[in-house]
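To keep things clear, I will list the structure first and then write my remarks on it.
Every number for a ligand or one of its atoms is a count from 1 in the order of the listing. All of these numbers come straight from a predicted model, not from anything done at the bench.
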Amino acid sequence: MERTFIMVKPDGVQRNLIGEIVQRFEQKGYKLVGGKLMSISKELAEEHYGEHKDKPFFGELVSFITSGPVFAMVWEGEGVILTARQMMGATNPQEAAPGTIRGDYGVQVGMNVIHGSDSEESAKREIGLFFKEDELIDYNKTISEWI
Ligand code: DAT
Ligand code: MG
């Protein structure tokens with residue numbers, strides 16, 4: 001089954017949005033298979049955001065994502081990678097539609113509340129960066145046949 005990496009960024013944690021964000025994915029019908037509050041080291045931040053290392057905002061991005069705890073999660077479900085991106089909304093909260101997480105809670109692109117993998121390949125890479133195999137739980141939910 002498809003899995004994606006989702007993270008409440010330091011601004012989302014400070015603004016008490018962990019519960020709200022978890023609730024959106026739970027109520028949509030996805031299954032949480034891993035989750036933890038953690039601090040991101042500079043090394044992990046640079047690796048995670050490696051694709052942006054030549055961008056002018058890279059330094060700011062790394063210092064923001066390491067500025068406080070994040071809530072890292074892995075969610076599972078059919079089509080979860082793309083659908084989670086749609087639930088998050090556009091990267092720039094000023095362009096994100098109302099009803100999306102960034103559209104409802106974000107104001108500026110530097111602090112856009114949430115991260116989500118953008119492809120199957122990045123999901124695999126990011127899950128591997130943030131979680132050990134034994135931190136991801138395989139289990140069944142009886143309700144899954146209704147989703
Ligand atoms: P996304 O997080 O939607 O996948 P991205 O991968 O293009 O977006 O960029 C990663 C993060 O970098 C993004 O969530 C916020 C920050 N960022 C992107 N573009 C930026 C910009 N023009 N100025 C400042 N920060 C930016
Ligand atoms: Mg991205």
Side-chain angles (χ1 to χ4, degrees), residues 1-138 144 147:
M1 184 56 88
E2 191 171 308
R3 290 179 170 181
T4 194
F5 175 67
I6 299 289
M7 168 168 73
V8 181
K9 293 184 179 181
D11 56 331
V13 173
Q14 293 297 325
R15 293 177 57 201
N16 304 317
L17 292 172
I18 296 174
E20 164 69 20
I21 289 169
V22 168
Q23 185 169 37
R24 287 190 182 212
F25 289 101
E26 273 190 317
Q27 291 188 339
K28 173 71 177 169
Y30 292 132
K31 186 167 79 175
L32 184 65
V33 296
K36 57 184 173 184
L37 187 73
M38 62 180 283
S39 299
I40 300 186
S41 66
K42 187 161 182 277
E43 292 68 35
L44 177 57
E46 286 173 350
E47 175 88 41
H48 171 65
Y49 281 126
E51 64 172 312
H52 299 301
K53 67 176 186 300
D54 299 324
K55 308 260 172 70
F57 57 81
F58 185 66
E60 214 177 300
L61 181 57
V62 168
S63 86
F64 166 60
I65 209 70
T66 57
S67 64
V70 300
F71 194 70
M73 295 166 277
V74 176
W75 287 90
E76 184 178 289
E78 204 176 305
V80 68
I81 299 171
L82 180 63
T83 304
R85 293 283 299 187
Q86 290 166 339
M87 291 167 67
M88 286 161 51
T91 302
N92 185 345
Q94 291 177 31
E95 287 156 17
T100 65
I101 293 164
R102 287 165 168 170
D104 286 351
Y105 301 114
V107 172
Q108 43 144 329
V109 70
M111 293 193 188
N112 59 6
V113 182
I114 185 170
H115 168 85
S117 308
D118 64 5
S119 66
E120 229 172 283
E121 195 189 353
S122 31
K124 207 169 172 183
R125 189 181 78 87
E126 292 168 0
I127 290 169
L129 273 178
F130 283 84
F131 286 91
K132 300 191 190 97
E133 198 65 53
D134 68 0
E135 291 177 313
L136 302 176
I137 313 297
D138 267 316
S144 64
I147 292 168

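- No part of Gln108 comes within 4.0 Å of ligand 1, judged by heavy-atom distances.
- For the pair Asn112 (side chain) and Pro93 (backbone), a donor-acceptor distance under 3.5 Å is absent.
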>> Glu120 vs Lys124, test: salt bridge (Lys or Arg N to Asp or Glu O under 4.0 Å). Steps then yes/no.
In response: CA-CA 6 Å; Glu120 229 172 283; Lys124 207 169 172 183; over 6 Å; no

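- Of the candidates Asn112, Asp118, Ile114, it is Asn112 that places a heavy atom closest to atom 13 (C) of ligand 1.
- Judged purely by atom type and a 3.5 angstrom limit, Ser117 uses its side chain to pair as donor or acceptor with the backbone of Phe5.
- By the criterion of a heavy-atom distance under 4.0 Å, neither the backbone nor the side chain of Glu60 is placed next to ligand 1.
- If you look at Leu61 next to ligand 1, the close heavy atoms, those under 4.0 Å, all belong to the side chain.
- Using a 4.0 Å cut-off between heavy atoms, Met7 makes no contact with ligand 1 at all.
- Heavy atoms of Arg85 come nearer than 4.0 angstrom to ligand 1 in at least one pair.
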>> Run the salt bridge (Lys or Arg N to Asp or Glu O under 4.0 Å) test on Asp104 and Arg15 for me, step by step, so that the C-alpha distance in whole Å, both residues' side-chain angles and the decisive distance to 0.1 Å come before the verdict.
In response: CA-CA 13 Å; Asp104 286 351; Arg15 293 177 57 201; over 6 Å; no

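- Between Met7 and the choices Ile114, Ile40, Val74, Val113, the side chain to side chain contact (heavy atoms under 4.5 Å, CB included) rule is met once, by Ile40.
- Closest heavy-atom approach to atom 1 (P) of ligand 1 within the set Ile65, Thr91, Asn92, Val113: this belongs to Thr91.
- The main-chain N or O of Phe57 is never found under 3.5 Å from a side-chain atom of Glu60 such that the two would form a donor-acceptor pair.
- Shortest contact from atom 6 (O) of ligand 1 to any protein heavy atom: His52 NE2, 2.8 Å.
- Residue Arg102 has at least one nitrogen or oxygen atom sitting less than 3.5 Å from a nitrogen or oxygen atom of ligand 1, judged on distance alone.
- No close placement of the Trp75 and Tyr30 rings is indicated, their centers lying 6.0 Å or farther apart.
- Where the criterion is an N or O separation shorter than 3.5 Å, residue side chain and backbone included, Lys9 meets it with respect to ligand 1.
- When heavy-atom distances to ligand 1 are checked against a 4.0 Å cut-off, Met111 has no atom that comes that close, whether in backbone or side chain.
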